S.K.: 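Here it is: the structure, laid out below.
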Amino acid sequence: MTEAAVHTWDGPTMDVALKIWRVDENGERDLVTYELEAPEWACLLDVLDIIKDRHDGTLAYRKSCRMMICGSCGMRMDGRAILACKERMKPIVESGHVPVISPMGNLPIVKDLVVDMGPFWQKIRDVKPWLDPGYDEPSERERVISQQQMNVIAKESLCIMCGCCVSECNAMESDPDFRGPAALAKGMRFVGDARDQTSVERLNELNDEHGIWDCTRCYFCNERCPKGVDPRDAIAKLGAESIKQGIDHDMGAKHAKWFVRSAETTGWLRETELVPKTQGIWAAIKQTGFALKLAKHGKVPPPFPPHVAADVDESRALRDLLKTQGRDGALGIVQGEHALGRIEFAEETEERENKP
């Protein structure tokens, strides 16, 4: 434990305690506790600066802008990815909690809180993060697109490449070759840009073995993104655009298509037909024994006559309307985002108004 020192700042101060996982160049780990005095306005990055400047100069971490723009100071607090410059320490101190600070996950550790971002940047480069307008020479006029067209990629354009989403990605933990939420969100940034002329080629590449459909849909990337990019929503947009363009060579795409087809015909998911429709008849035959065991325990509903949900015509009419409006691809996801945003805003407003 490093003993606290007495320092003077303008304004009130607080006593802060942190536990930091120290990792040396050989991978040896040690949980070290630091106790110090800090101003009440301090964020986690300020506290780390005080530790490094006045207590332990060997502590390694990254920082740059201190304004939640550069994304350099990504790390974990109590096992969740954060930006150190965004995390205020006063509420934590007042609660009496001593947080544990560690490096981000799913990336190799270089030293202490510094991770090797090389694999992260390689996956970003692999999605070709630049606009391809389809011509060699720039146009003499600015290419202006509508607000509605920009809405498709409005959130994806906010990404600061901090890696917090990658740190929390379950799919990357089990498959390091998975493209990851940051790279796929960056891919959607250009797939959804009306000025890009290579969307189909991009979608085909993103539908590869470690692409769109390998996402486990845990939504941790949405939860931990400090800028509201919501990478999982971007992946959903890529999937919707792939289906719209007829790119369905991946089994995940076939799975999604059958979900839609089943819902629009009977209003519910017909699981007994899921395997033959997505994996093929031969795969279904090979799983006959497993299916018989399910049927024996009453887990398989009778296939005939097919059950049709009440008022299924309404869902079919809604799907037809979305197709007519051209919202059967990414725009449909955008519409859902806006609806959820309005609901969340209304709930927050009601909560504020009802406060005594």
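Only a predicted model underlies this, so the values are computations on that prediction, with no experimental measurement involved.
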S.K.: Does a side-chain N-to-carboxylate-O contact under 4.0 Å join Arg189 and Asp193?
M.R.: yes
S.K.: Output all residues satisfying side chain to side chain donor-acceptor pair (under 3.5 Å) with Lys237, sequence neighbours left out; order by chain, then residue number.
M.R.: Glu156
S.K.: Indicate if Trp121 and Val110 have the same hydrophobic cluster label, given that clusters are the connected sets of ILVMFWY residues with side-chain heavy-atom separations under 4.5 angstrom.
M.R.: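 As far as the 4.5 Å side-chain criterion goes, Val110 and Trp121 are not connected within one cluster.
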S.K.: Looking at Ser146, is its backbone amide N or carbonyl O close enough to the side chain of Gln149 to form a donor-acceptor pair, meaning the two atoms are under 3.5 Å apart?
M.R.: yes
S.K.: Under a 3.5 Å distance rule, please check whether Glu241 uses its side chain to pair with a backbone N or O of Ala330 as donor and acceptor.
M.R.: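 Looks like yes, one N/O pair under 3.5 Å.
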S.K.: Check the pair Asp30, Trp21 against side chain to side chain contact (heavy atoms under 4.5 Å, CB included), reporting the backbone distance first and the verdict last.
M.R.: CA-CA 6 Å; Asp30 186 24; Trp21 276 108; 5.7 Å; no
S.K.: Take atom CD of Gln122 as the centre, draw a 6.0 Å sphere, and report whether it contains more than 12 heavy atoms from other residues, nucleotides or ligands.
M.R.: yes
S.K.: Output yes when Glu40 and Lys90 qualify as a salt bridge under the 4.0 Å nitrogen-oxygen rule, no when they do not.
M.R.: yes
S.K.: Thr198 side chain to Glu201 main-chain N or O, any donor-acceptor pair under 3.5 Å?
M.R.: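 No; zero donor-acceptor contacts below 3.5 Å.
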S.K.: If only side-chain N and O atoms count, and only distance matters, is there a donor-acceptor pair under 3.5 Å linking Trp213 with Asn207?
M.R.: yes
S.K.: Looking at Arg319 and Glu264, is any side-chain nitrogen of the basic one under 4.0 Å from a carboxylate oxygen of the acidic one?
M.R.: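 Yes, charged N to carboxylate O under 4.0 Å.
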S.K.: More than 12 non-hydrogen atoms from neighbouring residues, nucleotides or ligands closer than 6.0 Å to CZ on Arg88, yes or no?
M.R.: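 Atom CZ in Arg88 is crowded, with more than 12 foreign heavy atoms closer than 6.0 Å.
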S.K.: I would like to know whether Leu292 and Lys296 meet side chain to side chain contact (heavy atoms under 4.5 Å, CB included); could you show each step before the answer?
M.R.: CA-CA 6 Å; Leu292 290 175; Lys296 181 180 178 180; over 6 Å; no
S.K.: Is Asp214 salt-bridged to Arg179, going by a charged N under 4.0 Å from an acidic O?
M.R.: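 So Asp214 does not pair with Arg179 through a salt bridge.
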S.K.: If you count the non-hydrogen atoms of other residues, nucleotides and ligands that lie under 6.0 Å from NZ in Lys19, is the total more than 12?
M.R.: no
S.K.: Just by distance, do the side chain of His97 and the backbone of Val93 share a donor-acceptor pair under 3.5 Å?
M.R.: no
S.K.: Does Asn222 reach the side chain of Asp233, with side-chain heavy atoms less than 4.5 Å apart?
M.R.: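 A side-chain contact under 4.5 Å exists here.
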S.K.: Can you spot which of Pro226, Cys169, Cys221 makes a side-chain contact (heavy atoms from CB on, under 4.5 Å) with Cys164?
M.R.: Pro226
S.K.: Backbone N or O of Gly57 within a donor-acceptor pair of the Lys52 side chain at under 3.5 Å?
M.R.: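 Yes.
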S.K.: Evaluate Arg62 against Met75 for side chain to side chain contact (heavy atoms under 4.5 Å, CB included), listing each step before the verdict.
M.R.: CA-CA 9 Å; Arg62 285 194 178 106; Met75 58 189 67; over 6 Å; no
S.K.: With heavy-atom distances below 4.5 Å as the criterion, would you say the side chains of Lys128 and Glu205 are in contact?
M.R.: yes
S.K.: Do Val100 and Leu31 have side chains that get closer than 4.5 Å, going by heavy atoms?
M.R.: yes
S.K.: When clusters are formed by joining ILVMFWY residues with side-chain heavy atoms under 4.5 Å apart, either directly or through shared neighbours, do Ile212 and Ile243 land in the same one?
M.R.: yes
S.K.: Are Arg261 and Thr265 side-chain neighbours, meaning at least one heavy-atom pair lies under 4.5 Å?
M.R.: yes
S.K.: Is Arg195 salt-bridged to Asp132, going by a charged N under 4.0 Å from an acidic O?
M.R.: no
S.K.: If you count the non-hydrogen atoms of other residues, nucleotides and ligands that lie under 6.0 Å from NZ in Lys277, is the total more than 12?
M.R.: no
S.K.: Under 3.5 Å, side chain of Lys227 to main-chain N/O of Met68, donor-acceptor pair present?
M.R.: yes
S.K.: Show, in sequence, the C-alpha distance, side-chain angles and deciding distance for Lys111 and Val23, and conclude whether the side chain to side chain contact (heavy atoms under 4.5 Å, CB included) test is met.
M.R.: CA-CA 5 Å; Lys111 184 177 185 293; Val23 185; over 6 Å; no
S.K.: Should Val32 and Val16 be counted in the same cluster of Ile, Leu, Val, Met, Phe, Trp and Tyr side chains packed under 4.5 Å apart?
M.R.: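 Yes, it is one cluster - the side chains of Val32 and Val16 are joined through contacts under 4.5 Å.
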S.K.: Do His255 and Asp250 have side-chain atoms, one donor and one acceptor, less than 3.5 Å apart?
M.R.: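 No, no side-chain donor-acceptor contact under 3.5 Å.
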S.K.: Taking atom CG of Asp320 and atom CD of Gln325, what is their separation to the nearest 0.5 Å?
M.R.: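 If we round to the nearest 0.5 Å, Asp320:CG and Gln325:CD are 11.5 Å apart.
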S.K.: Quick check: does any side chain N or O of Asp116 sit under 3.5 Å from a backbone N or O of Gly118, one acting as donor and the other as acceptor?
M.R.: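 Yes.
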S.K.: Any carboxylate oxygen within less than 4.0 angstrom of a Lys/Arg side-chain nitrogen, looking at Asp313 and Arg316?
M.R.: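 Salt bridge present between Asp313 and Arg316.
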S.K.: For Arg22, give me all partners under side chain to side chain donor-acceptor pair (under 3.5 Å), at least two apart in sequence or on another chain.
M.R.: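 Only Tyr34, Asp56, Thr58, Asp112 meet the side chain to side chain donor-acceptor pair (under 3.5 Å) criterion with Arg22.
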S.K.: Do Leu206 and Val229 sit in one hydrophobic cluster, given that two such residues count as connected whenever their side-chain heavy atoms are within less than 4.5 Å of each other, even indirectly?
M.R.: no
S.K.: Any ion pair linking Arg80 and Glu223 (charged N to carboxylate O, less than 4.0 Å)?
M.R.: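 No.
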S.K.: Report yes if the side chains of Val312 and Thr266 come closer than 4.5 Å at any heavy-atom pair, otherwise no.
M.R.: no
S.K.: Are a donor atom and an acceptor atom from the side chains of Arg224 and Ser167 found within less than 3.5 Å of each other?
M.R.: no
S.K.: In this structure, would Phe220 and Leu83 fall into the same cluster of hydrophobic residues linked by side-chain contacts under 4.5 Å?
M.R.: no
S.K.: Should the heavy atoms of other residues, nucleotides or ligands under 6.0 Å from NZ of Lys257 be counted, would the total exceed 12?
M.R.: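 Atom NZ in Lys257 is not packed in, count stays at 12 or less.
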S.K.: Are the side chains of Val127 and Arg202 in touch, meaning some heavy atoms are under 4.5 Å apart?
M.R.: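 Contact flag for Val127/Arg202 side chains = no.
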S.K.: I want to check something: taking the side chain as every heavy atom from C-beta on, are Lys123 and Met172 in contact at a cut-off of under 4.5 Å?
M.R.: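 Lys123 reaches Met172 side chain to side chain.
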S.K.: Is there a side-chain contact between Asn106 and Glu168, using heavy atoms and a 4.5 Å cut-off?
M.R.: no
S.K.: Have a look at Tyr61 and tell me which of Leu44, Ile51, Leu48, Ile101 forms a side-chain contact (heavy atoms from CB on, under 4.5 Å) with it.
M.R.: Leu48
S.K.: Is the shortest distance from a Lys or Arg side-chain nitrogen in Asp49 or Arg54 to a carboxylate oxygen in the other one below 4.0 Å?
M.R.: no
S.K.: Answer yes or no: is there a donor N or O on one side and an acceptor on the other, between the side chain of Ser262 and the main chain of Phe259, under 3.5 Å?
M.R.: no
S.K.: Determine whether a donor-acceptor pair (N or O, by modelled atom type, separation under 3.5 Å) exists between the side chain of Asp311 and the backbone of Glu314.
M.R.: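 Not a single qualifying donor-acceptor pair exists.
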